[in-house]
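Remarks on the structure that follows.
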Amino acid sequence: MVKTARRAVRTPQRGVPTFYPSGRYNVLNRMPKLPSYLAMRVPLLDLGEQYRALSEPIREAIDDVLASHRFILGPKVQAFEKAICAYCNVPHAVGVSSGTDALLAILMALGIGPGDAVITTPYTFFATAGCIARVGARPLFADIDPETYNVSPSAIRRCLEKDCQMDSDGAWRAKNGEKVRAIIPVHLFGLCCEMDALHEISERFQLDLLEDAAQAIGAEFPFGGGTAKAGTMGDVGFFSFYPSKNLGAAGDAGMIVCPDETLAGKLRTFREHGMEPRYFHDVIGGNFRLDEIQAAILGVKLPFLERWAASRRAAADFYCAEFARAELTERITPPAEPYRHCGLTNHHVYHQYVIRAPMRDPLREHLGKREIETAIYYPLGLHEQKCFAHLGYKKGDFPETERAARETLALPIYPEISREAQRYVVDAIAEFYGSQLANQPKTT
């Protein structure tokens, strides 16, 4: 029988809870082992508490849409676009059907297609490179920073300087002759890339800078002598509101933000099949419209985003403290926080809490047996995906990406996660490494 909670009685010596049977300790740190009957189910993400808290205003917002009969690009979409402009401090926001369609619309509006190339990271969700390929352009990959898992600016410079060359017109071209048009950094897991360095590269090589902020809405970076939010530091940025994101819809939804009025106008045209005015098409766009009901739900949730981000950071801090308590700091590597002491509130928004762990796959199996849900983001670098074999990359080309794919593991994190659940997760990790140490052959 699996219990969902457990109760600790008064703690005796050295902080050891009395619900642990005596005499059963981990070799790793002499902490008590977890008895199997104390199993607790810990999901990777639990949206139940969020919905219970907001169910009434969400239902009211949906009812407003149903009563209005305005289901496509109505007042809820306009209101949400305006709210995102205010939140991100940008002049233009364009609601679209998903984060994937946001990038697709951006590439189409910029005229990126056959004969072009775009530099991005091989360690990210498939859609980033997938959209580049869908418009007929060539993805060029640059390896990641081993601490942040974000694309490395120095790797992008190497890609441009060693794998590309400047033609007589001053354009940079890939080995196959494609014109390099843009860089797409991905703010992975809720942490901003090094946007100052990337901005310098984009200006030096005259490339568009397109921010994939699908996982990082609200994340901040010390940019240009001030503070800027993810998605607002390049030529254009975009977000995903997939249900599991920090700001999640009840289905697919996305948003594009940009400072340029002309580009924003193009994007509004491209999201409606390239139609402007109605039934007249100078360009071919797509059906990329943000659904009115999704905008209504997101409009209810947006005012809570900062509070949820703070709760995620508090959960991350607790994990770090528990790793120290369980003497795991020499075993696992917690997420990097390079901007923590830069005076930023949202230096990290922890869309995922990703550790680097030896024996990752056996650890994950062990946690699964303890009813702890985890995830691997991502099991393969994009350069190893079969559909990108034609790009000519091979195993070993991006060693940091491949190492992250082997070693990283996402632990449960969401605003409402209990400290008891987190402690259970950490104790289960300590139990695994303790048992591994105990099973090592003794030397004389």
Side-chain angles (χ1 to χ4, degrees), residues 61-116 118 127 130-137 181-182 184 208-214 217 231-232 234-242 249-299 302:
I62 293 172
D63 287 344
D64 286 345
V65 174
L66 298 177
S68 74
H69 302 165
R70 295 286 302 277
F71 302 116
I72 303 294
L73 296 182
K76 298 291 187 183
V77 170
Q78 295 172 11
F80 183 55
E81 289 175 338
K82 185 177 179 180
I84 287 291
C85 284
Y87 179 74
C88 293
N89 192 27
V90 292
H92 305 287
V94 182
V96 291
S97 43
S98 69
T100 300
D101 289 341
L103 179 53
L104 193 58
I106 290 168
L107 295 171
M108 294 169 71
L110 293 175
I112 294 175
D116 295 329
V118 178
C131 286
I132 298 169
R134 283 177 65 185
V135 297
R181 293 284 308 278
I184 305 179
D208 289 324
L209 187 57
L210 321 178
E211 290 181 71
D212 184 336
I217 186 168
T232 70
D235 297 287
V236 63
F238 64 93
F239 308 111
S240 167
F241 303 123
Y242 187 77
D252 279 312
M255 185 71 70
I256 304 168
V257 293
C258 68
D260 185 72
E261 184 176 1
T262 300
L263 178 57
K266 283 185 179 181
L267 290 165
R268 294 184 190 280
T269 299
F270 272 90
R271 75 175 173 183
E272 284 205 88
H273 299 284
M275 183 168 57
E276 183 62 37
R278 193 167 180 80
Y279 301 126
F280 289 83
H281 304 259
D282 291 341
V283 295
I284 298 173
N287 182 6
F288 304 145
R289 299 170 299 205
L290 175 58
D291 185 86
E292 185 80 351
I293 287 179
Q294 300 301 342
I297 294 169
L298 291 164
L302 180 58

[Y] and [X], any side-chain heavy atoms less than 4.5 Å apart:
| X | Y | result |
| --- | --- | --- |
| Leu103 | Ile184 | yes |
| Ile132 | Leu107 | yes |
| Val94 | Arg271 | yes |
| Val77 | Leu290 | yes |
| Ile217 | Ile84 | yes |
| Pro259 | Val90 | no |
| Phe270 | Leu104 | no |
| Val236 | Leu209 | no |

Over all atoms of both residues, closest heavy-atom pair of [X] and [Y]:
| X | Y | answer |
| --- | --- | --- |
| Cys131 | Thr100 | SG-O, 3.4 Å |
| Ile106 | Gly237 | CD1-O, 4.5 Å |
| Glu292 | Leu73 | OE1-C, 3.9 Å |
| Phe238 | Ala102 | CB-CB, 3.7 Å |
| Asp291 | Phe71 | OD1-O, 4.1 Å |

According to the salt bridge (charged side-chain N to carboxylate O under 4.0 Å, His left out) rule, which pairs have a member within residues 68-80, sequence neighbours left out?
-> Asp64-Lys76

Residue pairs passing the salt bridge (charged side-chain N to carboxylate O under 4.0 Å, His left out) test where at least one lies in residues 98-116, sequence neighbours excluded = Asp116-Arg181

Between the CE atom in Met255 and the SG atom in Cys85, the distance rounded to the nearest 0.5 Å is 8.0 Å

Spacing of CD1 belonging to Ile256 relative to CG belonging to Leu267, to within rounding of 0.5 Å = 4.5 Å

Has the side chain of Glu211 got a donor or acceptor atom that lies under 3.5 Å from a matching backbone atom of Gly231?
-> yes

List the steps and the verdict of side-chain contact (heavy atoms from CB on, under 4.5 Å) for Asp260 and Asp235.
-> CA-CA 8 Å; Asp260 185 72; Asp235 297 287; over 6 Å; no

Considering residues at least two apart in sequence or located in another chain, which fulfil the side-chain contact (heavy atoms from CB on, under 4.5 Å) criterion with Asn89?
-> none

Partner residues of Ala249 under the side-chain contact (heavy atoms from CB on, under 4.5 Å) criterion, sequence neighbours left out = Phe241, Ala253, Gln294, Leu298

Derivation and outcome, side-chain contact (heavy atoms from CB on, under 4.5 Å), residues His92 and Val257 = CA-CA 6 Å; His92 305 287; Val257 293; over 6 Å; no

Using a strict 4.0 Å threshold on nitrogen-to-oxygen distance, state whether Glu81 and Arg268 make a salt bridge.
-> yes

Among pairs that include at least one residue of residues 278-299, which meet ring-ring contact (aromatic ring centres under 6.0 Å, His included), considering only residues two or more places apart or in two chains?
-> none

Using the side-chain contact (heavy atoms from CB on, under 4.5 Å) rule, take Leu263 and Leu110 through it: C-alpha gap first, then chi angles, then the decisive distance, then the call.
-> CA-CA 8 Å; Leu263 178 57; Leu110 293 175; 4.0 Å; yes

Residue set satisfying salt bridge (Lys or Arg N to Asp or Glu O under 4.0 Å) with Glu272, at least two apart, ordered chain then number -> Arg289

